[in-house]
Amino acid sequence: MTTRRNFIKKTSAGTAAVTLGSLVFPSSSYASILGANDHINCAIIGVRSRAKAHVKAIHQDKNAKIIYSCDVDDVILKEHNEWCQKEIGYIPKIEKDFRKVLEDKDVDAVFIATPEHWHAPMAILALQAGKHVYVEKPCSHNPYENVLLVEAQKKYGKKVQMGNQQRSAKTSIMAVNDIRNGIIGDVYKGEAYYSNNRGSIGTGNVIQVPKTLDWELWQGPAVREAYKDNVHPYNWHWFRNWGTGEIHNNGTHEIDICRWALGVDLPETVTSFGGKYTYDDDWEFVDNQQVTYTFPGDKFLTWTGHSRGIMKPDRPGRGSTIYGSKGSIMLDRNFYQLYDLQGNLIKEELEGGASETTNTRGEGSLDVNHIHNFFAGVREDKSLNSDIKDASVSTMLCHLGNMAQDAGGTLKIDVTTGKVTNNEKAMESWKRTYAEGWEPVI
């Protein structure tokens with residue numbers, strides 16, 4: 001198998017071409033790919049669940065078409081083909097190896113909805129192939145990849161949008177503008193939370209890899225492990241080799257909204273409390289967690305994650321609350337509510353269309369808005385609502401939350417780099433160990 005190391009090769013100094021397999025495409029040729037009508041050809045990589053929301057949103061753009069569905073699992077591809085025929089009226093070309101998709105010069109943009117250990121390495125390869133990238137959150141599996149992806153976008157110059165779609169919610173945009181204009185006075189606290197009741201994932205048994213699954217390519221940059229019956233297609237989220245835990249899986253969204261509303265970037269300190277309290281199973285992260293971030297300017301942000309056990313008293317399954325000296329604002333994907341200091345509802349704005357909040361697909365109108373914004377960036381060089389430089393900061397906060405939990409104490413952070421300054425052991429998780437030949441480079 002051709003590995004990542006052999007996949008991208010630079011040509012001689014002074015040229016601007018990338019080599020994929022035996023094909024060479026000068027980067028200058030990509031300017032003409034979209035054509036006079038600004039048509040965008042898309043490829044979706046990883047098509048089991050979240051990709052369904054991508055498909056529907058792309059399909060609403062009359063000048064965009066999905067030309068590839070890519071997945072390493074034949075069963076998932078078969079189901080997705082049937083779903084596409086029913087939902088959008090056609091079946092895109094299918095491919096199991098994403099590298100062949102990147103070789104196709106007709107592909108303008110790739111949408112990455114794979115397991116998280118693939119997000120940054122695949123996005124970097126796509127950028128090197130001259131593609132624009134829409135990558136699901138989190139944009140990286142570890143802080144090293146986070147930094148590398150930002151550098152890659154800057155180097156290769158294509159658009160990269162992260163899939164934290166609430167950044168494109170009209171109500172959230174309105175709320176942040178109102179906050180900037182002083183509607184709740186001086187903001188000082190953001191409270192992010194998520195509540196679900198996930199069951200046990202059991203204890204996995206090593207079994208033969210299904211003939212329909214390319215387990216080698218599924219693992220890609222990750223350290224090789226034997227195939228177990230409780231990992232694929234979803235529970236990889238809770239294993240450190242491939243996933244990043246609930247703080248990334250769902251916390252990225254609300255932490256990002258709080259950070260945006262507070263107008264802060266990297267924190268000065270991070271403290272985490274929590275543990276695995278429910279089932280005796282293979283789940284490797286905490287299942288209930290409380291993280292506190294402090295920022296310059298006497299501001300702070302908290303993340304409360306209940307993966308296995310619904311939060312009480314009743315409240316929405318997820319959301320963000322921003323506190324100021326004159327009141328507070330509550331946000332989720334579907335509404336904006338303004339309260340005074342006495343807790344009286346002063347103003348309420350509803351999103352034009354509803355979005356799912358706690359299922360695995362997360363589908364709704366915000367996907368349409370976010371992908372429309374991505375396409376506007378590709379076609380017209382419009383500003384992205386979640387460009388990778390900014391989105392990576394929210395992702396870094398989540399990494400730091402995991403690092404603080406593992407460290408068992410407060411971490412002090414360099415606010416220019418995100419690196420931990422007071423705990424060398426915590427910094428050991430800055431970068432993962434990669435399978436030979438798959439470490440991302442730019």
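In this text, all values refer to a predicted model and were calculated from it rather than measured experimentally.
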Any [X] side-chain heavy atom under 4.5 Å of [Y] side chain:
{"X": "Val107", "Y": "Asn41", "value": "no"}
{"X": "Val415", "Y": "Glu268", "value": "yes"}
{"X": "Leu301", "Y": "Phe295", "value": "yes"}
{"X": "Leu338", "Y": "Ile183", "value": "yes"}

Which value, rounded to the nearest 0.5 Å, describes the distance between [X] atom [atom1] and [Y] atom [atom2]?
{"X": "Cys398", "Y": "Glu254", "atom1": "SG", "atom2": "CD", "value": "10.0 Å"}
{"X": "Asn241", "Y": "Glu284", "atom1": "CG", "atom2": "CD", "value": "8.0 Å"}
{"X": "Ile58", "Y": "His372", "atom1": "CD1", "atom2": "NE2", "value": "14.0 Å"}
{"X": "Asn230", "Y": "Lys228", "atom1": "CG", "atom2": "NZ", "value": "7.0 Å"}
{"X": "Leu411", "Y": "Lys419", "atom1": "CG", "atom2": "NZ", "value": "15.0 Å"}
{"X": "Ile124", "Y": "Gln153", "atom1": "CD1", "atom2": "CD", "value": "11.5 Å"}

Residues Leu400, Val420; criterion side-chain contact (heavy atoms from CB on, under 4.5 Å); working and verdict: CA-CA 8 Å; Leu400 293 171; Val420 178; 4.2 Å; yes

What class does the angle between the rings of [X] and [Y] fall in, given that below 30° is parallel, 30 to 60° is tilted and above 60° is perpendicular?
{"X": "Phe111", "Y": "Phe374", "answer": "perpendicular"}
{"X": "His237", "Y": "Tyr234", "answer": "tilted"}
{"X": "Trp242", "Y": "Trp215", "answer": "perpendicular"}

Chi angles and distances behind the salt bridge (charged side-chain N to carboxylate O under 4.0 Å, His left out) call for Arg48, Asp73: CA-CA 9 Å; Arg48 177 179 172 267; Asp73 191 321; over 6 Å; no

Check against side chain to side chain donor-acceptor pair (under 3.5 Å), His54 and Glu136: CA-CA 10 Å; His54 294 175; Glu136 273 302 330; 2.6 Å; yes

Partner of Trp283 under ring-ring contact (aromatic ring centres under 6.0 Å, His included), chosen from Tyr277, Phe239, Trp238: Trp238

With a 3.5 Å distance limit and no angle check, can you tell me whether [X] reaches the backbone of [Y] through a side-chain donor-acceptor pair?
{"X": "Arg259", "Y": "Val264", "answer": "yes"}
{"X": "Asp367", "Y": "Ala57", "answer": "no"}
{"X": "Asp281", "Y": "Ser200", "answer": "no"}
{"X": "Thr252", "Y": "Thr395", "answer": "no"}
{"X": "Gln165", "Y": "Asn369", "answer": "no"}
{"X": "Lys100", "Y": "Glu95", "answer": "no"}
{"X": "Asn422", "Y": "Thr410", "answer": "yes"}
{"X": "His141", "Y": "Arg240", "answer": "yes"}
{"X": "Thr421", "Y": "Lys412", "answer": "yes"}

Test log, rule side chain to side chain donor-acceptor pair (under 3.5 Å), inputs Asn249 and Glu246: CA-CA 5 Å; Asn249 184 44; Glu246 197 75 89; 3.0 Å; yes

Ser140 vs Glu145, side chain to side chain donor-acceptor pair (under 3.5 Å): CA-CA, chis, key distance, verdict: CA-CA 5 Å; Ser140 62; Glu145 291 180 353; 5.2 Å; no

From Gln166, His370, Lys137, residue fulfilling side-chain contact (heavy atoms from CB on, under 4.5 Å) relative to Ser386: His370

Steps toward side-chain contact (heavy atoms from CB on, under 4.5 Å) verdict (Cys139, Asn146): CA-CA 7 Å; Cys139 64; Asn146 215 45; 3.2 Å; yes

Audit row: Asp61, Ile371, side-chain contact (heavy atoms from CB on, under 4.5 Å) steps and yes/no: CA-CA 9 Å; Asp61 189 304; Ile371 289 174; over 6 Å; no

Gln208 to Tyr227 - nearest heavy-atom pair and separation: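 Residues Gln208 and Tyr227, closest heavy atoms: O-CD2, 4.0 Å.
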
Audit row: Asp387, Lys159, salt bridge (charged side-chain N to carboxylate O under 4.0 Å, His left out) steps and yes/no: CA-CA 8 Å; Asp387 70 273; Lys159 298 294 183 181; over 6 Å; no

Lys326, NZ: over 12 other non-hydrogen atoms inside 6.0 angstrom: no

